[in-house]
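Computation of the quantities below employed the complete heavy-atom set of this structure, encompassing side-chain atoms and omitting hydrogens, waters and symmetry-equivalent molecules. Keep in mind it's a predicted model, so treat the numbers as computed, not measured.
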There are 2 protein chains.
Amino acid sequence: MRGRSPSSDARVWNQRPERATDMRKSLIQDKAAITGIGQTEFSQGLNRSVMDMAAEAIFKAIDDAGLKPEDIDGMSRYHMQDEWENWIHATVGLGEITYYADQPHGGGSYAAVIISAAMGVATGLCNHVIAFRSRARGRKSVFGPGGDQGGRPWEKVEARIPGTMQYFRPFGLMSPVQEMAAIAQRYMHDYGITEEHFSNVAIAIRNHAVRNPLSVMGRRGPISMHEHHESRMIADPIRLLDCCIETDGAVAVVVSSVEAARSLRQPLAVIHTMAQHTQPAHYHLTEWWRFNRDEMALELGRRLFERSEFKPDDIDAVMLYDHFTPMVLLALEDLGFCGRGEGGAFSENGALEGPGGRLPVNTHGGQLSEAFIHGFNNVPEAVRQIRGTSTTQVPGARAVAVSAASSDPTGAFILRGD
Amino acid sequence: MRGRSPSSDARVWNQRPERATDMRKSLIQDKAAITGIGQTEFSQGLNRSVMDMAAEAIFKAIDDAGLKPEDIDGMSRYHMQDEWENWIHATVGLGEITYYADQPHGGGSYAAVIISAAMGVATGLCNHVIAFRSRARGRKSVFGPGGDQGGRPWEKVEARIPGTMQYFRPFGLMSPVQEMAAIAQRYMHDYGITEEHFSNVAIAIRNHAVRNPLSVMGRRGPISMHEHHESRMIADPIRLLDCCIETDGAVAVVVSSVEAARSLRQPLAVIHTMAQHTQPAHYHLTEWWRFNRDEMALELGRRLFERSEFKPDDIDAVMLYDHFTPMVLLALEDLGFCGRGEGGAFSENGALEGPGGRLPVNTHGGQLSEAFIHGFNNVPEAVRQIRGTSTTQVPGARAVAVSAASSDPTGAFILRGD
């Protein structure tokens with residue numbers, strides 16, 4: 001790999017005093033489990049409100065755990081979810097809510113949503129937390145911005161561009177795909193990553209979707225490298241088949257203490273270790289390469305594994321935020337499954353494809369091909385792998401890593417069996 | 001008190017199965033402390049950006065703790081704070097951030113912000129959390145909506161009223177004062193509360209502000225009951241002097257583990273017990289009286305004290321969310337300092353005024369008379385009472401209760417000395 005000279009800001013960062021590695025086991029490690037999972041149908045147009053879908057997923061998750069709505073006394077949400085705790089409480093009919101928190105940063109949220117839920121039950125502030133994400137964003141949805149509020153990104157820019165967006169919106173960074181394209185261009189330039197590598201991600205994840213009857217894109221069948229390369233360029237080097245879809249749907253999970261989980265009906269899926277991370281950035285997407293990513297981004301994986309009984313090689317499957325294919329390769333590097341710049345080579349020879357690959361990624365079809373529930377559909381798939389019920393089951397899976405978007409302030413956790 | 005027939009929904013709620021009181025001591029109880037406090041000047045027009053003020057308060061809080069910015073590895077924020085973790089990180093120059101969370105519900109947020117910070121350090125996910133709130137809302141501020149984005153509430157209503165607001169905005173509930181007025185009317189009707197009782201709150205808290213040279217309203221001197229009753233009616237029964245002010249300013253605190261706090265420079269201010277609460281409501285402000293508040297709202301105080309070594313009578317001072325004076329009386333009831341409907345009688349004879357009153361409330365001047373930092377300025381005042389440095393010091397204060405807005409999903413904690 002070619003390497004780069006860090007900027008002066010990055011030099012300051014890189015010269016900061018060495019901090020002692022904190023090897024303390026967290027008090028919440030192995031103390032909480034995901035005891036219930038639920039989801040709606042996924043589609044490009046369900047004609048349902050976000051609240052209606054959220055309620056269905058929540059009821060199903062509670063039922064899957066063998067609990068009743070009044071057993072739920074905690075809530076953990078995406079910051080971006082407009083349906084407040086008290087609305088959900090009123091709609092679904094929960095117990096007295098004694099703990100709640102939100103997690104910011106969109107696609108960077110979902111591991112932290114699970115970590116926060118684990119904190120609530122592990123510290124004794126509540127017994128059973130409901131966590132969910134519901135979105136009406138499909139192209140045919142009348143409720144989301146894909147419906148009657150739709151439009152091209154440049155049509156949606158405010159007359160007065162707020163905050164730090166004034167520094168990049170006028171220069172063409174209008175939507176995430178353009179920001180990620182800038183990151184991907186640099187990634188290709190610095191490390192020799194190619195669009196073949198990107199297609200490895202898209203093909204593996206689509207193959208998983210084909211086996212998942214609940215996925216949106218699976219019914220369209222597998223894709224070839226040729227189809228990937230021929231698909232429409234959206235923001236160079238990101239093509240249509242490198243992009244996640246936009247859909248309607250909701251996903252919910254129940255998080256309980258491990259003691260409570262042992263008396264519930266499902267096999268144990270224990271939240272083993274967890275880590276959160278943010279780099280200093282006024283706008284995270286455009287400042288991706290400003291710092292030495294070897295030092296910065298690898299912190300997440302280091303902390304995730306340093307407290308774990310598993311090493312990266314022990315992980316049976318991984319659920320990553322596949323908003324765009326290049327970010328999956330970078331996430332593999334950030335978590336320490338391979339070295340910086342080695343994500344492309346790592347993806348070769350069907351390595352990301354289950355059940356036989358080296359490290360099956362997003363065995364449900366992920367955001368690229370199952371549904372785009374802002375990453376939260378990655379969580380129940382990790383649970384299914386641990387339960388042994390995935391449609392692309394890794395035989396005997398014992399440990400699954402789950403990471404939110406590494407393009408944002410983010411988090412990760414490892415789910416393990418009993 | 002006259003009592004009321006609960007609605008059918010409330011009857012369902014009230015007939016729910018009895019839940020066992022959870023007397024478990026939380027794992028985070030007595031495990032975290034507030035080790036640093038910092039704030040900017042408070043004013044009705046500082047001509048500074050929200051980020052600029054946040055940075056000043058954060059630097060001062062870190063310095064007050066005897067720490068350096070790079071020691072900070074956690075962040076806890078109001079959901080409503082637009083300055084993201086990574087922006088703060090980039091602006092202030094913190095350490096590697098390994099834990100962060102947001103807390104929703106505006107004035108209901110700030111106790112939960114402290115609880116969340118305590119969870120981060122107590123569970124070992126980080127060592128020192130910075131928590132802050134910064135607002136540019138003063139009438140003379142060029143940065144906030146009081147400046148060039150100002151206007152009357154009815155001028156700010158969107159052409160298409162979103163969500164549940166469509167059910168009450170058209171009927172005149174445009175801003176919090178009108179919603180709180182509806183609550184206060186019912187409170188007066190059901191329990192014989194009078195505007196004398198409201199003025200008891202305004203007078204006591206203004207007297208505290210007069211002794212606090214950093215308060216915005218203290219320089220205007222004390223107010224009399226006559227002045228209160230003669231002040232302009234804003235939304236019947238809430239008068240001008242029943243309302244909090246709008247200001248510019250920022251407040252930050254550092255939360256550390258108790259072990260770390262013992263080696264830092266300030267007297268220990270330990271986060272002793274904590275509770276969060278939300279009732280089921282599609283819009284919390286308009287559904288206040290829908291449920292039997294004896295059963296609902298008292299849960300917060302019950303949980304706060306059931307795990308505590310202190311009883312309500314042991315509390316030396318209390319910091320409440322004084323957005324409007326009637327809500328202070330209701331908060332005293334919700335926390336269990338007096339019975340339902342007894343807040344008015346409780347406020348008589350200078351009971352709320354320090355240092356000699358029965359239960360001094362908001363000894364800095366609160367949101368009514370110090371500044372409106374969305375309640376977060378109540379937190380450093382609780383710390384000052386424990387340190388013995390308040391300008392209305394309660395001699396030998398050992399335990400201070402802090403509660404966020406009971407009009408919203410909310411939280412509370414007790415701060416104690418060593």
Side-chain angles (χ1 to χ4, degrees), chain A residues 12 16-17 19 22 24-29 70 73 75 77 79 82 84-105 112 115-116 119-120 122-127 162-164 274-284 287 296 299 303 408-409, chain B residues 12 16-17 19 22 24-29 70 73 75 77 79 82 84-105 112 115-116 119-120 122-127 162-164 274-284 287 296 299 303 408-409:
Chain A
V12 170
R16 75 199 191 283
R19 305 187 72 213
D22 186 352
R24 279 185 304 168
K25 196 167 165 173
S26 165
L27 276 185
I28 61 170
Q29 189 167 334
E70 56 263 38
D73 56 2
M75 204 176 296
R77 294 188 322 133
H79 180 109
D82 289 333
W84 297 102
E85 285 80 0
N86 42 338
W87 297 8
I88 295 289
H89 197 176
T91 302
V92 178
L94 304 174
E96 189 71 29
I97 299 294
T98 63
Y99 171 73
Y100 55 85
D102 287 0
Q103 298 300 330
H105 303 296
I115 295 168
S116 178
M119 293 177 92
T123 60
L125 291 185
C126 62
N127 296 298
T164 54
M274 61 287 291
Q276 283 179 261
H277 168 82
T278 175
Q279 64 180 0
H282 276 100
Y283 195 61
H284 43 283
E287 294 185 280
M296 294 294 301
E299 295 278 342
R303 276 198 308 281
D408 298 74
Chain B
V12 170
R16 75 199 190 283
R19 304 187 72 211
D22 186 353
R24 279 185 304 168
K25 196 168 165 173
S26 165
L27 276 185
I28 61 170
Q29 189 168 335
E70 56 263 37
D73 55 1
M75 203 176 296
R77 294 189 322 132
H79 180 108
D82 288 333
W84 297 102
E85 286 79 2
N86 43 336
W87 297 7
I88 295 290
H89 197 177
T91 301
V92 179
L94 304 173
E96 188 72 28
I97 300 293
T98 62
Y99 171 73
Y100 55 86
D102 287 1
Q103 298 300 330
H105 303 296
I115 295 169
S116 178
M119 293 177 92
T123 59
L125 291 185
C126 62
N127 297 297
T164 55
M274 60 287 291
Q276 284 179 261
H277 168 81
T278 176
Q279 63 180 358
H282 276 101
Y283 195 62
H284 43 283
E287 294 186 280
M296 294 294 301
E299 295 278 342
R303 276 199 307 280
D408 298 74

CG of B:Asp73 to CD of A:Gln276: how many Å apart, nearest 0.5 Å?
11.5 Å

Go through the atoms of B:Ala112 and report whether side chain, backbone, both or neither lie under 4.5 Å from a heavy atom of chain A.
neither

Rounding to 0.5 Å, atoms OG1 (A:Thr278) and CG (B:Leu94) come to a distance of 10.0 Å

Could you tell me the separation between the CE atom of B:Met119 and the CE atom of A:Met119, rounded to the nearest 0.5 Å?
5.0 Å

If you count heavy-atom pairs within less than 4.5 Å of chain A, which of B:Arg77, B:Gln103, B:Met75 leads?
B:Gln103

Would you find a donor on one side and an acceptor on the other, under 3.5 Å apart, between the side chain of B:Thr123 and the backbone of A:Ser26?
no

Working to the nearest 0.5 Å, report the span between CZ of B:Arg303 and OG1 of A:Thr98.
5.0 Å

Per-residue tally against chain B (heavy atom, under 4.5 Å) across A:Asp82, A:Val92, A:Asp102, A:Ile115 peaks at A:Asp102

Closest non-hydrogen atom pair, B:Trp84 against A:Pro104:
CZ3-CB, 3.4 Å

Mind checking whether A:His79 and B:His79 have parallel, tilted or perpendicular rings, split at 30° and 60°?
parallel

Non-hydrogen side-chain atoms of A:Ile28 and B:Leu125 separated by less than 4.5 Å:
yes

Distance col, row A:Tyr100:OH vs B:Ser116:OG, nearest 0.5 angstrom, shows 11.5 Å

